[in-house]
Amino acid sequence: MMDDENELENQSIDIPIWKRYLLSVTEASQFYHIGEKRLRQIVDIHPNGEFYLLVGNKVLFKKEQFEQFLAESTAI
């Protein structure tokens, strides 16, 4: 019984990036082809942005809201 519980704890679920709700800076950089430095600048410029979460010092982008932000900021 204990072995089964340990096996479940050690297994990681690998969800593809396009199905995730939140993306780390590295994942967002790869997914959107935007540099990590630029993503961090965007967070600094928009301190109360609805498109990201701060978990301690870690930035997590809300994929759908960030895509909407990108669409609005590039529309001229």
Side-chain angles (χ1 to χ4, degrees):
M1 188 66 147
M2 289 294 278
D3 290 336
D4 292 337
E5 290 177 14
N6 289 337
E7 284 183 37
L8 289 175
E9 290 177 6
N10 292 335
Q11 292 178 351
S12 65
I13 299 172
D14 192 23
I15 300 172
I17 288 179
W18 60 89
K19 289 187 176 183
R20 294 183 187 178
Y21 179 75
L22 298 171
L23 300 175
S24 68
V25 172
T26 303
E27 293 167 342
S29 175
Q30 293 171 353
F31 191 72
Y32 296 111
H33 302 285
I34 300 172
E36 290 183 24
K37 184 176 180 180
R38 180 63 181 144
L39 289 171
R40 292 184 191 281
Q41 287 175 345
I42 290 171
V43 171
D44 289 341
I45 293 169
H46 303 280
N48 297 322
E50 296 287 325
F51 54 87
Y52 69 88
L53 290 175
L54 288 175
V55 181
N57 289 332
K58 186 175 185 177
V59 177
L60 297 172
F61 289 95
K62 299 176 187 177
K63 194 164 64 99
E64 291 179 15
Q65 287 91 337
F66 189 59
E67 287 174 1
Q68 184 178 5
F69 167 79
L70 289 175
E72 291 172 359
S73 64
T74 57
I76 298 175

For V55, which fellow cluster members are found when Ile, Leu, Val, Met, Phe, Trp and Tyr are connected by side-chain heavy-atom distances below 4.5 angstrom, either directly or through intermediates?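 For the cluster that includes V55, the remaining residues are Y21, L22, L53, L60.
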Flag, side chain of Y52 to backbone of Q65, donor-acceptor distance under 3.5 Å: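 Side chain of Y52 to backbone of Q65, a donor-acceptor pair under 3.5 Å: no, none is there.
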Show me, pair by pair, the donor-acceptor contacts under 3.5 angstrom made by side chains of residues 24-34, not counting sequence neighbours?
unit_1: S24; atom_1: OG; unit_2: E27; atom_2: N; d: 3.2
unit_1: S24; atom_1: OG; unit_2: E27; atom_2: OE1; d: 3.4
unit_1: T26; atom_1: OG1; unit_2: E36; atom_2: OE2; d: 3.4
unit_1: E27; atom_1: OE1; unit_2: R20; atom_2: NH1; d: 3.2
unit_1: E27; atom_1: OE1; unit_2: S24; atom_2: N; d: 3.0
unit_1: E27; atom_1: OE2; unit_2: R20; atom_2: NH1; d: 2.2
unit_1: S29; atom_1: OG; unit_2: I34; atom_2: O; d: 2.7
unit_1: Y32; atom_1: OH; unit_2: K63; atom_2: O; d: 3.4
unit_1: Y32; atom_1: OH; unit_2: E67; atom_2: OE2; d: 3.2

Spacing of CD belonging to Q68 relative to NZ belonging to K62, to within rounding of 0.5 Å: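 Those atoms lie 11.5 Å apart.
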In the single-linkage hydrophobic clustering (I, L, V, M, F, W, Y; side-chain heavy atoms under 4.5 Å), do L54 and I45 co-cluster?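 No, it is not one cluster - the side chains of L54 and I45 are not joined through contacts under 4.5 Å.
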Using the test side chain to side chain contact (heavy atoms under 4.5 Å, CB included), find all partners of P16 that sit at least two apart in sequence or belong to another chain.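 Scan of P16 (side chain to side chain contact (heavy atoms under 4.5 Å, CB included), adjacent residues dropped) gives W18, K19.
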Would you mind reporting whether F69 and I42 have side-chain heavy atoms less than 4.5 Å apart?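 Yes. Closest side-chain heavy atoms under 4.5 Å.
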Pairs meeting criterion side chain to side chain donor-acceptor pair (under 3.5 Å) with involvement of residues 37-47, two or more places apart: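 Only R38-Q41 qualify under side chain to side chain donor-acceptor pair (under 3.5 Å).
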